[in-house]
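The first residue in the sequence is number 1, and the count goes up from there. Small disclaimer: the values here were computed from a predicted structure and weren't measured.
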Amino acid sequence: MPLKISDATIASFAEAFEKFRSDVPKNKLNLILFLVDKDPATSLSICPDCSRAEPVIYKKLESASDDIALLRTYVGDIPAWKNPQNPWREDSRFKLTSVPTLIRWENDTIKGRLEDNEAYIEDKIEALVA
């Protein structure tokens with residue numbers, strides 16, 4: 001079954017999130033992954049923890065047999081993310097304190113999450129998506 005990935009930035013999140021929410025019933029599993037922006041010159045992550053976690057997360061999700069939706073959400077570059085007024089730090093729905101953060105979204109609420117130092121551990125990813 002396919003892994004459906006869509007992307008959002010701070011500016012495009014509201015629209016992307018509404019589409020994600022409207023498609024929730026179509027999928028067995030719905031996840032949101034918060035990441036630091038990629039370097040525009042190289043298209044590579046500038047966040048060491050994100051670079052470590054992303055390949056492990058994608059590997060686990062691509063090997064799953066269920067329909068999975070993943071909304072990749074970029075929080076800005078590192079200085080923007082470290083700003084205490086970053087919109088994601090202030091968003092009461094997600095309460096982000098670190099990136100990467102992988103969230104399991106069910107019934108319009110967070111049903112589980114893995115943050116920076118857990119987001120690359122295969123067993124924890126498996127438990128979150130089980």
Presence of salt bridge, Lys28 and Asp67, under 4.0 angstrom: no

Closest non-hydrogen atom pair, Asn86 against Trp81: ND2-CA, 3.5 Å

Kindly work out whether a path of hydrophobic side-chain contacts (I/L/V/M/F/W/Y, heavy atoms less than 4.5 Å apart) joins [X] to [Y].
X      : Y      : result
Leu31  : Val56  : yes
Ile103 : Val129 : no
Val24  : Leu70  : no
Leu96  : Ile46  : yes

Ser12 (side chain) donor-acceptor with Ala8 (main chain) under 3.5 angstrom: no

N/O donor-acceptor pair under 3.5 Å between Asp77 side chain and Asp37 backbone: no

Pairwise salt bridge (Lys or Arg N to Asp or Glu O under 4.0 Å) hits with a residue in residues 46-56, at least two apart: Lys38-Glu54

side-chain contact (heavy atoms from CB on, under 4.5 Å) partners of Asp91, counting only residues at least two apart: Trp88, Arg93, Phe94

Minimum side-chain heavy-atom gap Ile32-Phe17 below 4.5 Å: yes

Gap between atom CD1 of Ile121 and atom CG of Leu128 - 0.5 Å precision: 12.5 Å

Trp105 six-ring centre to Arg113 NZ/CZ under 6.0 Å and within 45° of normal: no

